[in-house]
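Contents: one structure, followed by commentary.
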Amino acid sequence: MVSEKRAGKDKTRRLTVDFYAQDVLFVAPALLGKILAVKRPSGEIMRHMITETEAYRGVEDRACHASKGKTQRTEVMFRRGGYVYVYFVYGMYWMLNIVTGPENEPQAALIRGIKGYEGPGRLTRALAIDGTFYGEDLTSSDRIWIEDNGYAAKYITTKRVGINYAGQPWVDMPWRFILTA
DNA sequence: TCATTGATTTCA
DNA sequence: GAAATCAATGAT
């Protein structure tokens with residue numbers, strides 16, 4: 001797993017492929033409390049704590065976009081964990097997802113909220129995240145990455161939002177994770 | 001509870 | 001080709 005050896009007293013470090021390659025049901029709640037860092041064209045780096053996520057897991061999960069097979073839009077979800085899956089919905093909003101798991105096992109964690117901007121459409125608008133972020137590699141990109149600050153998050157789980165079309169048993173899976181402390 | 005808004009998917 | 005659908009938000 002990840003080496004705990006640290007240089008100096010700064011505990012913040014960028015998450016590596018070892019983290020993202022794990023199952024989405026581990027990664028999605030583990031992202032809570034971590035820091036989403038986005039670099040603006042101006043060079044300014046914006047950092048926000050992740051407060052809410054949802055898990056989308058594999059071709060059998062009918063709420064997961066990849067359940068309909070590999071398409072131009074879902075291709076990135078079939079890669080190994082650590083890539084960014086961004087898509088446009090309702091004619092207005094970009095959704096930010098983190099690809100997880102091994103190659104050819106399509107999984108992703110939707111970032112539904114960050115501190116100060118609750119809501120998946122609101123956070124992408126606030127951070128100016130759009131389709132140009134599709135396929136960015138969180139382990140090497142110089143404009144988007146996630147940092148671990150060593151914070152041990154507490155959270156609750158609920159049903160996922162906006163996926164009633166998926167039917168049973170997927171609609172009732174407790175795969176939404178909300179930070180509580 | 002409804003308008004917004006356009007890419008993606010589904011049905012023909 | 002056309003029609004329906006949609007990981008949402010904000011105003012009414």
Side-chain angles (χ1 to χ4, degrees), chain A residues 15 19-34 36 38 46 48-101 104-138 141 144-146 153 155-180:
Chain A
L15 290 169
F19 175 79
Y20 297 113
Q22 298 171 92
D23 193 280
V24 68
L25 294 182
F26 171 85
V27 176
L31 285 171
L32 297 173
K34 294 193 166 39
L36 174 65
V38 177
M46 304 168 61
H48 295 276
M49 180 180 287
I50 296 171
T51 59
E52 183 179 337
T53 64
E54 270 179 9
Y56 290 87
R57 188 168 186 271
V59 292
E60 69 273 11
D61 176 6
R62 291 188 47 219
C64 180
H65 290 167
S67 66
K68 290 166 185 158
K70 189 188 282 191
T71 66
Q72 184 173 20
R73 178 198 185 201
T74 63
E75 173 272 327
V76 73
M77 269 202 283
F78 288 79
R79 299 188 209 168
R80 64 143 173 83
Y83 288 96
V84 175
Y85 169 39
V86 175
Y87 69 93
F88 196 63
V89 74
Y90 296 127
M92 272 182 234
Y93 300 107
W94 293 99
M95 298 286 123
L96 173 64
N97 301 253
I98 310 303
V99 176
T100 69
N104 284 324
E105 194 163 314
Q107 304 181 347
L110 167 67
I111 307 299
R112 287 193 59 89
I114 58 176
K115 201 159 191 177
Y117 299 100
E118 294 293 332
R122 299 167 97 187
L123 75 90
T124 52
R125 192 174 59 192
L127 299 178
I129 289 170
D130 59 19
T132 66
F133 282 80
Y134 183 98
E136 284 281 325
D137 186 346
L138 290 165
S141 172
I144 184 169
W145 64 91
I146 298 175
Y155 62 90
I156 60 169
T157 64
T158 77
K159 292 195 269 189
R160 292 178 289 181
V161 174
I163 54 138
N164 287 339
Y165 64 89
Q168 296 291 353
W170 312 108
V171 67
D172 285 336
M173 288 293 182
W175 287 355
R176 179 185 182 203
F177 308 96
I178 304 171
L179 188 69
T180 55

Parallel, tilted or perpendicular, as decided by the 30° and 60° cut-offs, for the rings of A:H65 and A:Y87: perpendicular

Mate of C:dT12 where both pairing distances stay under 3.5 Å, Watson-Crick or G-U: none

A:I98 and A:L31, any side-chain heavy atoms less than 4.5 Å apart: yes

Sugar-phosphate, base or nothing in reach of A:R125, heavy atoms under 4.0 Å: sugar-phosphate

Interatomic distance where CE belongs to A:M77 and P belongs to B:dT8 [whole Å]: 13 Å

A:R62 CZ to C:dC6 P, straight-line distance once rounded to whole Å: 10 Å

Polar pair under 3.5 Å, donor/acceptor by atom type, side chain A:Y87, base C:dA7: yes

Nucleotide of B:dA7, C:dA8, B:dT8 approaching A:R73 most closely (side-chain heavy atoms): B:dT8

Sugar-phosphate, base or nothing in reach of A:R112, heavy atoms under 4.0 Å: sugar-phosphate

Who pairs with C:dA7 - Watson-Crick or G-U, where each distance is under 3.5 Å: none

Nucleotide nearest A:M92 (side chain, heavy atoms from C-beta), chosen from C:dC6, B:dT9, B:dT5: B:dT5

Aromatic-base stack, A:Y90 on C:dA8, cutoff 5.5 Å, angle under 30: yes

Worked check of side-chain hydrogen bond (donor to acceptor under 3.5 Å, both in side chains) between A:E60 and A:S67: CA-CA 6 Å; A:E60 69 273 11; A:S67 66; over 6 Å; no

Chi class for C:dA8: syn within 90° of 0, otherwise anti: anti

